[in-house]
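Just below is one structure, and these are the notes that go with it.
Keep in mind it's a predicted model, so treat the numbers as computed, not measured. By convention in this document, chain letters (A, B, ...) are assigned in the order of the sequence lines, proteins followed by strands, and residues within each chain are numbered from 1.
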Amino acid sequence: MSVKKQKASTPKPDNFFEDVYAVVRLIPAGRVSSYGAIARYLGRSGSARMVGWALNNALVLHDVPAQRVVNREGRLSGKIHFGSPTRMQELLEAEGIKVENDQVVDFKERFWDPELELGST
DNA sequence: TAGTTGACCCCGC
DNA sequence: CGCGGGGCCAACT
């Protein structure tokens, strides 16, 4: 069976990426989450960077509110990828989230942990 | 083909 | 208590 590895032309069911989109989509308006929290919830605590990559693809898909996802400092680390230097902040303010100096105000109170909200049995 | 970067986080000094 | 380096996995050059 000379089955060569066709890396392209495949639906690519990347569960990890898809799962990231699902969790981010579950984030309610007015709340924010962090890469590490999502990564940990998916079982990839060490691969928090991949969450960022997933969201990067999310921007292309245009179906995920990536603006609600920030780093563990509550800082808009990914605002650079929104095309405009203030795009992410504007979106967050539109959701009711206050942002000062590229930093989410009361981030600790606005923080939304998937494992805490969803993973509660 | 292989090397480097990257929307990060944690540990050690 | 502050700063630096390593680790993680995938995509880009």
* Verdict with reasoning, Gln103(A) to Leu76(A), per side chain to side chain contact (heavy atoms under 4.5 Å, CB included) -> CA-CA 6 Å; Gln103(A) 198 172 277; Leu76(A) 282 60; 5.8 Å; no
* Describe the nucleic acid contact of Ile80(A) in one word from base, sugar-phosphate, nothing, applying a heavy-atom distance below 4.0 Å. => nothing
* Main-chain N/O of Asp113(A) paired to Tyr41(A) side chain as donor or acceptor, under 3.5 Å -> no
* Tell me, which of residues 26-57 of chain A have any heavy atom that sits under 4.0 Å from an atom in DNA chain C? -> Gly46(A), Ser47(A), Arg49(A), Met50(A), Trp53(A)
* For atom CD of Glu73(A) and atom C1' of dG2(C), their distance in whole Å -> 13 Å
* Structure fact -> Atom CZ of Phe16(A) and atom P of dC8(C) are separated, to the nearest Å, by 14 Å
* Asked: Please walk me through it: do Phe111(A) and Val104(A) pass side chain to side chain contact (heavy atoms under 4.5 Å, CB included)?
  -> CA-CA 10 Å; Phe111(A) 184 68; Val104(A) 178; over 6 Å; no
* Separation between the C1' atoms of dC3(C) and dA7(B), rounded to whole Å -> 23 Å
* Structure fact -> Span of DNA chain B engaged by chain A, first through last nucleotide within the 4.0 Å heavy-atom cut-off, is dG6(B) to dC10(B)
Please examine the side chains of [Y] and [X], heavy atoms only from C-beta on, and report whether any two atoms are closer than 4.5 Å.
X         : Y        : result
Asp102(A) : Gln89(A) : yes
Arg68(A)  : Val24(A) : no
Glu93(A)  : Lys98(A) : no

* To do: Would you give the length of the straight line joining atom CD1 of Ile97(A) to atom CG of Asp106(A), rounded to the nearest 0.5 angstrom?
  => 11.5 Å
* Where do Leu118(A) and Trp112(A) land on the side chain to side chain contact (heavy atoms under 4.5 Å, CB included) test, with the steps shown first? -> CA-CA 10 Å; Leu118(A) 306 175; Trp112(A) 185 84; 3.9 Å; yes
